[in-house]
Amino acid sequence: QVQLVESGGGLVQAGGSLRLSCAASGRTFSNNAMGWFRQAPGKERLFVAAISWRGTITDYTDSVKGRFTISRDNAKNTVYLQMNSLKPEDTAVYYCNAANSNSITSVRAALGYWGQGTQVTVSS
């Protein structure tokens with residue numbers, strides 16, 4: 001059974017940092033592009049960041065550029081999202097995604113495998 005399990009969410013003050021992790025089990029995703037999405041209350045799920053299967057190419061939505069960093073450790077079958085300078089508008093449930101392809105552009109299509117999500121709350 002394939003599972004993606006997110007962790008690392010929580011409550012943090014504006015300006016603070018959190019590091020999200022997404023651990024995959026059931027199969028290896030070392031040949032898949034992976035990414036992070038987020039969904040605020042009453043809003044649609046939106047793309048945040050993506051990383052190529054080798055970890056050499058990254059892609060970010062404009063609102064998090066310069067603040068968030070996506071990385072991966074294929075030996076651990078894990079992808080990370082380092083979030084710095086957090087703002088109240090970053091508050092959302094964050095979801096890990098494993099794309100169906102090794103192409104980083106496929107992540108934005110929001111297909112493939114999903115985790116259950118982890119809550120990030122940023123207080124002002």
Side-chain angles (χ1 to χ4, degrees):
Q1 181 182 358
V2 176
Q3 279 191 313
L4 298 176
V5 179
E6 301 98 334
S7 61
L11 173 64
V12 64
Q13 288 188 331
S17 298
L18 285 173
R19 188 193 194 204
L20 306 183
S21 298
C22 171
S25 62
R27 56 158 285 186
T28 180
F29 288 101
S30 59
N31 293 322
N32 296 68
M34 297 190 71
W36 290 92
F37 288 70
R38 65 186 179 187
Q39 188 168 19
K43 302 284 185 65
E44 63 181 323
R45 191 174 299 187
L46 298 175
F47 169 80
V48 175
I51 189 166
S52 62
W53 68 279
R54 287 183 176 176
T56 55
I57 304 172
T58 57
D59 181 26
Y60 299 93
T61 192
D62 286 347
S63 62
V64 308
K65 285 180 180 177
R67 299 188 298 123
F68 291 11
T69 303
I70 188 171
S71 61
R72 67 189 295 164
D73 185 337
N74 286 340
K76 295 182 178 180
N77 222 15
T78 300
V79 64
Y80 305 96
L81 186 68
Q82 177 67 44
M83 306 186 295
N84 298 329
S85 302
L86 283 161
K87 304 175 181 180
E89 51 262 44
D90 295 317
T91 295
V93 177
Y94 282 70
Y95 296 90
C96 175
N97 173 262
N100 288 328
S101 153
N102 61 6
S103 169
I104 191 173
T105 58
S106 66
V107 175
R108 288 182 179 253
L111 301 175
Y113 297 93
W114 292 94
Q116 83 290 347
T118 185
Q119 177 70 47
V120 171
T121 303
V122 184
S123 63
S124 57

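In this chain, residues are counted from 1 in sequence order. As the structure is a computational prediction, the values presented were derived from the model and not from experiment. Values reported hereafter were calculated over all heavy atoms of this structure, with side chains retained and with hydrogens, waters and symmetry mates removed.
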inquiry  = Has R72 got a side-chain atom pairing as donor or acceptor with S52's backbone, closer than 3.5 angstrom?
reply    = yes

ask   = Within the distance-only criterion (no hydrogens, no angle test), does the side chain of Q116 pair as donor or acceptor with the backbone N or O of V5 below 3.5 angstrom?
value = no

ask   = Any sub-3.5 Å donor-acceptor pair from N74's side-chain atoms to W53's backbone N or O?
value = yes

remark   = Taken to the nearest 0.5 Å, the spacing of K87 NZ from S124 OG works out to 14.0 Å

inquiry  = Nearest 0.5 angstrom please: N102 CG to N31 CG, how far?
reply    = 7.0 Å

message = Run the ring-ring contact (aromatic ring centres under 6.0 Å, His included) test against F47 and tell me which residues pass, sequence neighbours left out.
response = F37

query = So, S103 and S101: side-chain donor and acceptor under 3.5 Å apart, yes or no?
reply = no

ask   = Do you know the tightest heavy-atom contact between A99 and V107?
value = CB-CG2, 4.0 Å

message = Using modelled atom types and a 3.5 Å cut-off, is there a donor and acceptor pairing between side-chain atoms of T56 and backbone atoms of R54?
response = no

task = Calculate, to the nearest 0.5 Å, the distance between atoms CD and OG belonging to Q82 and S21 respectively.
result = 9.5 Å

key: Under 3.5 Å donor-acceptor, E6 side chain and C96 backbone   = yes

Closest approach of A92 to A40 (non-hydrogen atoms, all atoms of both residues) = CB-N, 3.8 Å

inquiry  = Which residue is it: T91, D90, T118? I am looking for the one with a side chain to side chain donor-acceptor pair (under 3.5 Å) to R38.
reply    = D90

message = Please report the interatomic distance CG(D59) to OG1(T105), rounded to the nearest 0.5 Å.
response = 9.0 Å

task = State which residues pass salt bridge (Lys or Arg N to Asp or Glu O under 4.0 Å) with K43; sequence neighbours excluded, sorted by chain then number.
result = none

ask   = Is F68 isolated, or which residues cluster with it under the ILVMFWY side-chain rule of less than 4.5 Å, directly or via members?
value = V2, L4, V12, L18, L20, F29, M34, W36, V48, I51, Y60, V64, I70, V79, L81, M83, L86, Y94, Y113, V120, V122

request  = Would you kindly say whether N32 and R27 are connected by a side-chain donor-acceptor distance under 3.5 Å?
outcome  = yes

task = Looking only at non-hydrogen atoms, find the nearest pair between Q119 and V93 and report the distance.
result = OE1-CG2, 3.2 Å

key: Salt-bridge present (K65, D62; N to O < 4.0 Å)   = yes

